[in-house]
Amino acid sequence: MKHLTLSLAFILSLSFSIQAQLKGTLIDEDKQPVEFANVAFYSLPDSVMITGTVSDEKGNFSLNGNGTDNAFLKVSFIGYETQIVPAIEEQTIVMKAEASQLGEVVVSGSRKIFKLDNGSIVASVKNTVLETLLNANEVIAQLPFLSGKDGNFTVFGKGTPIIYINNRLVQDNKELEQLSPSDIKNVRVITSPGAAYDATVKAVIKITTEKPVGEGLSGMLYARGEQASVFSGGEYENLNYRRGAWDFFGFTFYNHRNFKTDFDAIQLMRLQDNEQRQVYKANEQNGYKSLNSVVGLNFNPNANHSAGIRYNNNNTKWWGDYTNDIHYTAPGVSENTRQYSTSDDPRNTHSINGYYNNELSEKVSINFNTDIVAGNEKDNMDSFIEKTPNEILKTRGERDYTLYATKGIVSYKLRKGVLDMGAEYSHTRVLQSYNINNEDLGIDNTNDKALQNRSALFASYQAQLGKVGLNAGIRYENIALDYYESEVKNDEQSKRYSQLFPNISLSYANDNIQTVVGYERKVRYPSYNQLRSNIQYSSPFVYESGNPLLQPQIENEFSVMFAWQNLQGMAGYSIIEDAMQSIPQQFKDEGIILLRDENVKLSRNTNIGLSYSPTFGMWRPQFEAGAMWQWLKLDEIDNRYNKPIFSAKWLNTFSLPQKWTLRVNASGRTSGHGGVAYMQPSWGIDLMVTKRLMNDKLSINLTASDILKTNTNKWEMDYGKINMLYDKNIDSRSIALTVSYRFNSTTDKYKGQQASGEINRL
């Protein structure tokens with residue numbers, strides 16, 4: 001037995017000596033890491049490829065070499081010269097930019113901007129045309145399968161993403177306006193987030209900035225003015241002071257937005273022997289003023305250790321003035337009514353985030369984050385009818401909330417991948433009240449309280465096995481929600497959830513093509529606003545209601561993506577259980593429509609899209625087309641809501657001499673069903689010109705949005721005996737001037753993350 005043990009020990013030691021661990025770092029000529037480069041291991045003398053890997057975000061790679069004395073590494077990436085180097089256990093490889101000499105003209109290789117990496121779309125910003133744009137908002141809007149602007153983005157087939165900057169959750173999308181593309185290294189769009197993310201998260205945008213450099217004081221000044229029917233603007237200042245391992249940072253953003261819109265609407269209710277019809281012509285003038293302030297402290301003594309704390313206060317006040325002309329008809333009745341309304345909605349939120357990161361060894365690292373959030377919102381409206389101006393209808397809604405959350409992750413680097421394990425816990429308290437001064441309308445005053453404890457355990461594994469990538473994980477979530485009406489617990493409305501959410505994806509990549517297929521199970525929990533018990537007055541013939549009995553929406557999603565040269569494609573299929581849909585219904589046998597969220601037992605969604613982004617000299621166009629359709633059938637309604645929506649966009653960026661950039665963008669969609677609403681077509685054209693001065697410290701941008709005024713917001717809802725037609729002039733044509741100045745440009749080193757997805761439900 002002793003001899004057998006010694007023999008096994010000898011064989012194992014021999015095996016480990018042969019299977020040498022090859023490590024290295026890829027950097028460019030500016031000493032910046034080169035990520036997602038292909039590293040292949042070849043044997044001699046026959047030059048047969050044995051294995052391979054891809055460099056990570058820090059340019060690091062690791063693979064097992066079998067007999068390194070007779071082997072070499074081949075390193076390649078688009079835009080760089082291919083490097084062939086000896087296979088040694090540890091080295092740094094400098095990647096040189098690809099160039100060819102033609103007389104006295106140097107033609108640099110065109111670097112590929114978009115890449116598919118293990119289920120994520122990665123956009124390189126540094127040293128590409130994306131670096132010439134105005135801010136991070138503009139960069140995100142250029143990415144394949146994304147639409148939207150001003151921080152309000154939608155990922156095709158996935159919905160609204162959460163956005164991170166250097167692993168810190170963006171709580172206020174206005175931060176994207178102040179982030180310069182010249183400070184961004186890359187943007188990663190994760191279309192299938194793993195178990196480490198909240199089970200409600202269906203898409204993630206992660207922005208990675210360049211390594212912070214420089215000490216002393218740095219900052220940015222920013223101003224924006226926009227003229228549509230009315231004027232809006234915003235001013236921003238950001239300061240960062242760095243000395244050694246310490247960072248002190250803060251910013252304030254004052255934003256004042258004004259809107260002037262009008263809309264026409266028709267409501268039809270077919271009751272037994274009684275058809276009632278209301279025609280609306282409304283004018284709205286509304287807006288808000290907000291002041292967002294942030295201060296923070298960060299301690300980063302070395303690359304392996306960091307900690308910090310960040311405080312944010314967001315103070316916003318919405319206001320509105322509305323005039324609504326209503327023509328009401330019913331059997332034997334025809335009357336005109338004019339309604340006046342004013343609203344005053346102040347909102348104030350305080351939040352604190354703290355974090356601690358530590359790489360305990362080459363293989364083990366830990367990360368802890370905590371969040372504390374407290375806020376208050378009020379929704380006050382006064383309404384009266386022109387004929388009776390002294391009879392003022394007053395509604396008062398108020399919401400107070402607090403959240404305490406913590407999250408911990410342990411990462412362990414295995415021989416062929418990374419294993420993440422972690423846990424989350426959050427406690428939420430939400431108070432909601434609604435009061436109305438006219439009991440004859442059939443609306444009750446309410447006073448609700450929701451107390452929730454939410455916990456989660458998760459594990460995820462990522463590995464790159466040569467050209468094949470694996471991403472798998474599982475997440476367990478447990479929610480205990482106690483619901484109180486007027487301080488009395490309602491057992492029927494209180495909830496207990498326990499769910500498992502698995503995910504798995506496989507990817508393949510070589511020099512020409514990248515593909516990924518995957519499955520994930522996601523959930524959408526009702527927001528606290530959706531769970532409220534009160535009915536809210538909107539107009540004499542329309543009320544809105546919460547639904548405390550709403551169940552979570554469960555989604556089983558299958559997806560496939562591919563990238564080949566400048567072409568990217570994606571497709572998805574979702575089976576949705578208990579889908580939440582806004583359903584119109586009759587209120588208490590009266591001629592009033594009540595809008596209320598309800599669960600639909602089963603529905604299905606499909607999406608498919610293609611994006612092509614070549615480069616022709618100074619012109620970089622991007623063509624994109626997609627289709628989305630749903631299979632939705634409601635039990636009590638004969639209608640089917642299945643007509644697909646087709647969309648397309650054509651983006652054009654021209655990199656002109658003297659640091660001028662011109663962009664002409666067109667996008668639109670056809671008619672089709674979204675939920676139970678039938679959306680009418682809409683399209684628009686935008687024009688943007690950017691000029692950079694003073695070594696890129698000063699940026700000036702002029703934007704003309706929807707120059708032909710063709711964007712619309714028009715839809716129809718046909719729900720059995722109820723029909724609604726809505727046509728809103730969204731005042732989308734505008735011109736805006738933005739000026740920003742940066743000095744000693746740098747970014748803070750703050751690495752705090754969101755501790756719980758519960759923040760998104762508040």
Side-chain angles (χ1 to χ4, degrees), residues 265-284 320-345 377-399 431-449 484-488 490 493 529-549 582-598 717 719 721-724 726:
I266 299 175
Q267 294 176 184
L268 183 65
M269 184 179 292
R270 304 180 187 91
L271 305 177
Q272 187 175 5
D273 301 325
N274 181 7
E275 182 176 284
Q276 301 187 20
R277 181 185 181 94
Q278 300 95 38
V279 179
Y280 296 83
K281 286 189 175 294
N283 295 291
E284 302 178 350
D321 294 317
Y322 312 94
T323 303
N324 193 0
D325 290 318
I326 307 172
H327 179 63
Y328 171 72
T329 59
V333 179
S334 179
E335 61 182 35
N336 294 315
T337 301
R338 172 168 285 187
Q339 179 190 27
Y340 296 94
S341 301
T342 61
S343 65
D344 177 24
D345 307 333
E377 298 178 3
K378 296 182 179 180
D379 185 1
N380 305 317
M381 187 175 72
D382 293 347
S383 302
F384 65 90
I385 304 299
E386 186 177 46
K387 296 178 182 179
T388 55
N390 294 325
E391 297 180 7
I392 299 177
L393 178 68
K394 295 180 178 290
T395 64
R396 300 289 182 264
E398 187 167 357
R399 193 161 72 104
L431 306 178
Q432 299 183 106
S433 64
Y434 185 81
N435 294 278
I436 187 169
N437 67 342
N438 188 342
E439 297 180 356
D440 296 335
L441 295 177
I443 298 176
D444 298 326
N445 295 332
T446 59
N447 186 8
D448 302 337
K449 178 173 67 175
Y484 297 82
E485 291 185 355
S486 300
E487 298 298 327
V488 178
N490 188 314
Q493 297 178 10
N529 185 58
Q530 289 176 299
L531 290 173
R532 73 190 191 278
S533 64
N534 72 277
I535 297 173
Q536 179 176 318
Y537 175 90
S538 297
S539 76
F541 301 101
V542 177
Y543 296 170
E544 297 180 46
S545 171
N547 183 0
L549 301 180
S582 180
I583 303 295
Q585 51 197 271
Q586 186 181 7
F587 175 70
K588 292 184 177 180
D589 297 325
E590 299 183 17
I592 298 172
I593 294 175
L594 176 66
L595 295 175
R596 170 182 164 114
D597 286 325
E598 303 283 357
M717 188 180 293
Y719 190 78
K721 63 183 180 182
I722 296 175
N723 183 273
M724 303 175 69
Y726 184 93

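The figures here come from the full heavy-atom set of this structure, side chains too, leaving out hydrogens, waters and symmetry mates.
At most 12 non-hydrogen atoms from other residues, nucleotides or ligands lie less than 6.0 angstrom from CD of Glu391. Heavy-atom contacts from other residues, nucleotides or ligands closer than 6.0 Å to CZ of Arg277 number 12 or fewer. The number of heavy atoms from other shown groups lying within 6.0 Å of CD (Glu439) does not exceed 12.
Of the inter-residue distances, the one linking Met724 atom CE with Ile593 atom CD1 reads 5.0 Å to the nearest 0.5 angstrom. Going from atom CG of Leu393 over to atom OG1 of Thr388 covers 10.0 Å, rounded to the nearest 0.5 Å. Here the CE atom belonging to Met381 is positioned 8.5 Å from the OH atom belonging to Tyr322, to the nearest 0.5 angstrom. Rounding to the nearest 0.5 angstrom, the gap separating the CD atom in Gln432 from the CG atom in Asn529 is 6.0 Å. Of the inter-residue distances, the one linking Leu594 atom CG with Lys588 atom NZ reads 10.0 Å to the nearest 0.5 angstrom. Of the inter-residue distances, the one linking Thr446 atom OG1 with Ile535 atom CD1 reads 9.5 Å to the nearest 0.5 angstrom.
Between Glu590 and Met269, the closest heavy-atom pair is O-SD, 3.8 Å. Here the closest heavy-atom approach between residue Ala330 and residue Gln276 is recorded as CB-CG, 4.0 Å. Across every non-hydrogen atom of Val542 and Gln267, the tightest pair is CG2-OE1, 2.8 Å. Smallest separation of non-hydrogen atoms from Ser539 and Gln339: CB-OE1, 4.0 Å. Considering all non-hydrogen atoms of both residues, Ser334 and Thr329 come closest at OG-CG2, 4.0 Å. Taking every heavy atom of both residues into account, Ser383 and Tyr537 meet most closely at OG-CE2, 4.4 Å.
Put simply, the side chain of Asn547 gets close to the backbone of Asp597: a donor and an acceptor are under 3.5 Å apart. Checking side-chain atoms of Ser545 against main-chain N and O of Arg596 turns up no donor-acceptor pair under 3.5 Å. In terms of modelled atom types and a separation under 3.5 Å, the side chain of Asn534 and the main chain of Asn445 share no donor-acceptor contact. Looking only at distances, a side-chain donor or acceptor of Asn437 sits under 3.5 Å from a matching main-chain atom of Ile392. At least one donor-acceptor pair under 3.5 Å links the side chain of Asp448 to the backbone N or O of Ser533.
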Practice prompt. Quick one: do Glu377 and Asp345 satisfy side-chain contact (heavy atoms from CB on, under 4.5 Å)? Show the steps, please.
Written response: CA-CA 7 Å; Glu377 298 178 3; Asp345 307 333; over 6 Å; no
Worksheet item: Would Arg338 and Asn324 satisfy side-chain contact (heavy atoms from CB on, under 4.5 Å), going step by step from the backbone distance to the final call?
Response: CA-CA 6 Å; Arg338 172 168 285 187; Asn324 193 0; over 6 Å; no
Discussion item. Is there a side-chain contact (heavy atoms from CB on, under 4.5 Å) between Gln586 and Lys721? Walk through the geometry before answering.
Written reply: CA-CA 9 Å; Gln586 186 181 7; Lys721 63 183 180 182; 3.1 Å; yes
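Remark: Glu487 pairs with Lys449 by the salt bridge (charged side-chain N to carboxylate O under 4.0 Å, His left out) rule, at least two apart or across chains. The ring pair (Phe, Tyr, Trp, His ring centres under 6.0 Å) test applied to Phe541 returns Tyr328, not counting sequence neighbours.
Inter-residue side-chain proximity for Thr337 and Pro540 is flagged as unmet; no heavy-atom pair is nearer than 4.5 Å.
Applying the salt bridge (Lys or Arg N to Asp or Glu O under 4.0 Å) test to every pair with at least one member in residues 379-389, sequence neighbours left out, gives these pairs: Asp382-Lys394, Asp382-Arg396.
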